[in-house]
2 protein chains.
Amino acid sequence: MTAEPSWDFYRSFLTVLRHGSLSAAARELGLTQPTIGRHIDALEEAVGAELFIRSSNGLLPTDMALDLRPYAETLATTAAALLRTASSQRGKVEGTVRISASEVIGIEVLPPIIADLQEAYPGLQVELSASDALEDLMNREADIAVRMAEPRQDALLVRRVGDIPLGFHAHRRYLERHGTPQTMAELAGHRLIGFDRQTAYIRMMLKLYPVAEQLAYAFRTSSHLAHYTAIRAGIGIGVCQTGLARPNPDLVHILADEFEIPLGTWVVMHESLKTSPRCRVAFDALVNGLLNYIRSCRETRV
Amino acid sequence: MTAEPSWDFYRSFLTVLRHGSLSAAARELGLTQPTIGRHIDALEEAVGAELFIRSSNGLLPTDMALDLRPYAETLATTAAALLRTASSQRGKVEGTVRISASEVIGIEVLPPIIADLQEAYPGLQVELSASDALEDLMNREADIAVRMAEPRQDALLVRRVGDIPLGFHAHRRYLERHGTPQTMAELAGHRLIGFDRQTAYIRMMLKLYPVAEQLAYAFRTSSHLAHYTAIRAGIGIGVCQTGLARPNPDLVHILADEFEIPLGTWVVMHESLKTSPRCRVAFDALVNGLLNYIRSCRETRV
DNA sequence: CGGCGGTCATGTATTTATGTATAGCGGCGG
DNA sequence: CCGCCGCTATACATAAATACATGACCGCCG
């Protein structure tokens with residue numbers, strides 16, 4: 001290791017990892033294939049190890065390359081965060097804001113809210129990371145996050161928007177065939193949709209309704225989104241946000257009076273971003289949009 | 001933001017922040033002051049804001065620059081961590097590699113090669129399966145195999161190392177008693193060592209030298225290893241690898257000019273293992289070791 | 001089996017970035 | 001006040017990185 005390698009090599013390295021070939025990486029970065037190839041050569045020289053096995057249909061990363069990948073990813077997210085920070089301070093509401101939310105929220109709830117936001121501010125770019133793996137606000141992997149648990153960090157600007165109510169739902173078709181349970185006890189005879197693993201709200205459900213533990217589940221999935229899809233497909237009775245089911249005339253809320261889980265919801269932003277117009281605007285839009293959404297959950301169906 | 005700025009600009013930026021002047025940063029990075037100045041210019045252009053107030057005795061960071069500093073620090077520590085990880089991983093070849101070879105190769109040829117390999121990589125465990133029943137690489141009964149026939153499987157990484165020459169040999173003691181045959185025809189009167197069953201190289205021998213079929217064999221065994229041992233014991237004249245006999249002063253190569261069978265040799269590894277350092281290292285060692293071995297077969301005896 | 005689309009490797013020309021040399025500015029101390 | 005030493009900015013020559021063009025290889029498909 002004579003001199004530190006150019007940091008650009010790390011970018012090329014990561015892009016090759018992501019795309020699997022020098023050519024694809026070159027297209028991504030607006031460079032050419034020989035250039036990327038030389039970057040990889042130089043980096044291999046610098047670290048003194050082989051990073052890729054070259055073949056005629058792409059590059060295969062070595063174990064070493066896979067070990068280094070997380071660092072390269074961190075470099076990329078940090079560089080992106082730096083740029084976002086820089087551009088966020090320019091008074092106007094434009095540029096990119098990165099929002100992190102759970103899968104269900106990100107896919108089913110946020111899109112209309114974001115649509116309104118972008119209607120109001122056409123120059124605003126939104127990046128939505130819909131994943132149940134939560135991103136780190138402190139390192140600015142995201143600018144704003146919608147969280148289902150109360151954040152404990154101090155340097156965060158936190159706004160609680162209320163409780164999203166969860167309830168048992170099933171497709172009308174399923175109920176026509178199997179009947180509609182009128183009491184919790186009657187659930188026992190039904191095809192139930194359950195979860196693969198314990199998440200926070202599962203634990204809350206078991207605490208509130210210990211009986212759930214003894215139920216037999218006909219279908220299990222680890223994805224909340226797949227769970228919701230299973231309900232819509234008529235597989236059986238499952239738990240989902242009442243606000244999601246309400247607009248869909250085929251979905252029926254079951255045991256509404258006997259069973260409800262409140263899902264506490266927070267919108268969170270890094271303290272230092274509150275002076276950034278674009279982040280403030282997005283933060284406010286998320287808060288108001290989620291407040292409306294929660295309100296709609298409570299309304300009786302039209 | 002037209003194109004993403006070079007990540008090297010971040011490094012220059014951070015170094016200027018740390019040292020307070022372009023010149024000092026240039027010294028630190030092994031660059032020159034105009035270069036660092038251009039990097040800062042370019043970065044300011046890219047983020048669209050002034051990062052430093054230039055004065056004749058140094059650069060004064062703006063608030064923006066101070067806001068960006070934490071990200072730049074993260075970049076630096078991450079880049080350093082990446083390099084450290086790389087250097088700590090380098091040369092970390094350890095674990096077990098399972099090698100499959102024929103009995104003769106496994107017992108007579110490979111041990112010195114494996115000894116060198118383990119000398120170079122003390123953490124490497126080698127399992128040697130020396131058997132003429134060939135193990136299935138596809139099912140990973142072995143990681144690497146030395147084969148005497150060209151493999152046809154697709155997902156294998158194959159390297160042909162050349163032909164191992166076979167020839168007639170006998171112990172000096174035997175020849176002193178029975179004389180040394182000078183022509184193929186003279187073999188007829190000798191005690192010959194033969195094989196119990198037809199193997200691939202027997203068929204090749206019969207094809208190249210049909211006369212062998214009519215010879216009378218005084219001793220037969222189904223094991224190539226026992227065959228070789230029989231030669232060394234002075235039972236008679238048999239076929240073995242010239243490279244095995246050469247270092248042994250008691251063994252004499254007979255009819256060297258009239259008779260030779262080339263035994264094609266391949267080193268084979270499952271495709272998916274080529275990114276594993278220990279398998280790569282072992283593979284390369286086998287290839288080189290066998291190339292040397294084959295070269296030694298051709299040399300005239302000292 | 002031959003064309004096609006994809007890949008990587010290599011050699012050459014050109015653009016780009018860098019180094020060198022120099023000029024100008026400001027502070028500091030004799 | 002002047003000389004010295006640090007800094008930045010600029011102009012020009014040089015070195016380095018890049019793009020371009022080409023060739024070879026592999027898998028795919030009609």
Side-chain angles (χ1 to χ4, degrees), chain A residues 2-46 49-62 65, chain B residues 2-46 49-62 65 138 150-160 268-272 274-275 280:
Chain A
T2 58
E4 196 190 346
S6 164
W7 286 8
D8 284 338
F9 294 169
Y10 300 139
R11 173 165 54 183
S12 299
F13 166 67
L14 177 61
T15 312
V16 171
L17 271 177
R18 285 177 172 165
H19 290 80
S21 85
L22 298 180
S23 310
R27 284 191 294 273
E28 171 78 20
L29 292 176
L31 298 171
T32 59
Q33 166 258 321
T35 296
I36 304 294
R38 282 184 284 254
H39 285 185
I40 300 300
D41 288 343
L43 191 56
E44 287 180 332
E45 177 73 20
E50 210 174 16
L51 294 174
F52 296 93
I53 311 284
R54 268 92 158 160
S55 83
S56 56
N57 58 344
L59 275 73
L60 195 64
T62 63
Chain B
T2 59
E4 197 190 344
S6 164
W7 286 8
D8 284 338
F9 295 169
Y10 301 139
R11 173 165 53 184
S12 299
F13 166 69
L14 176 62
T15 312
V16 172
L17 272 175
R18 284 176 172 168
H19 291 81
S21 84
L22 298 182
S23 307
R27 284 191 293 273
E28 171 77 19
L29 292 176
L31 298 172
T32 58
Q33 166 259 322
T35 296
I36 305 295
R38 283 185 284 252
H39 285 183
I40 300 301
D41 289 343
L43 191 56
E44 287 180 331
E45 176 72 19
E50 205 175 24
L51 294 174
F52 296 95
I53 301 176
R54 268 90 157 165
S55 81
S56 56
N57 59 345
L59 275 73
L60 193 65
T62 63
M138 296 308 290
E150 183 167 9
R152 308 210 170 276
Q153 296 277 15
D154 276 346
L156 298 178
L157 186 65
V158 176
R159 179 81 154 81
R160 189 177 203 282
V268 193
M269 177 168 70
H270 195 275
E271 185 98 25
S272 66
K274 66 184 174 187
T275 61
R280 264 200 89 77

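Labels below follow one simple rule: chain letters A, B, ... track the order of the sequence lines, proteins then strands, and each chain is numbered from 1.
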What is the distance, to the nearest angstrom, from the [atom1] atom on [X] to the [atom2] atom on [N]?
X     : N      : atom1 : atom2 : result
A/R11 : D/dT18 : CZ    : P     : 11 Å
A/E45 : D/dA17 : CD    : P     : 13 Å
A/L29 : D/dA17 : CG    : P     : 17 Å
B/R54 : D/dC7  : CZ    : P     : 15 Å
A/F9  : D/dA16 : CZ    : C1'   : 11 Å
B/H39 : D/dT8  : NE2   : P     : 15 Å

Checklist line | salt_bridge(B/R11, A/E4) N-O dist < 4.0 Å | finding: yes
Check: NA contact type, B/G58, heavy-atom cut-off 4.0 Å: base, sugar-phosphate, or nothing?
Finding: sugar-phosphate
Keeping [X] on the side-chain end and [Y] on the backbone end, is there a donor-acceptor pair under 3.5 Å?
X     : Y     : answer
B/D8  : A/S6  : no
B/T62 : B/E50 : yes
B/E44 : B/F52 : yes

Item checked: Considering all heavy atoms, the nearest B/A24-B/H19 contact ->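 Looking at all heavy atoms of both residues, the closest pair is CB-CB, 3.7 Å.
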Notebook entry, point to check: Which heavy atom of A/A65 sits nearest a heavy atom of A/L17, and at what distance?
Noted result: O-CD1, 4.0 Å
Notebook entry, point to check: Looking only at side-chain N and O atoms, does A/T35 come under 4.0 Å of OP1 or OP2 in D/dA17?
Noted result: no
Note to self: Need two values: the first and the last nucleotide of DNA chain C, 5' to 3', having an atom under 4.0 Å from any heavy-atom of chain A.
What the structure shows: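 Both ends considered, the range comes out as C/dT7 to C/dT10.
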Next item on the list: Give me the residues of residues 13-24 of chain B where at least one heavy atom lies under 4.0 Å from an atom of DNA chain D, by number, or none.
Entry: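 Going residue by residue through residues 13-24 of chain B, the ones with a heavy atom under 4.0 Å of DNA chain D turn out to be B/S21, B/L22, B/S23.
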Close side-chain approach of [X] and [Y], heavy atoms under 4.5 Å:
X     : Y     : value
A/I53 : A/L59 : no
B/I40 : B/F9  : no
A/L43 : A/L51 : yes

Note to self: Strictly under 4.0 angstrom, non-hydrogen atoms only: write out the protein contact profile of nucleotides 20-29 of chain D, one letter per nucleotide from the 5' end, B, S or -.
What the structure shows: BB---BS---
Checklist line | Point-to-point distance, once rounded to the nearest 0.5 Å, from OG of B/S23 to CG of B/L31 | finding: 12.5 Å
Note to self: Could you walk me through whether B/S12 and B/T15 satisfy the side-chain hydrogen bond (donor to acceptor under 3.5 Å, both in side chains) test, starting with their C-alpha distance in whole Å, then the side-chain angles of each, then the deciding distance to 0.1 Å, before giving a yes or no?
What the structure shows: CA-CA 5 Å; B/S12 299; B/T15 312; over 6 Å; no
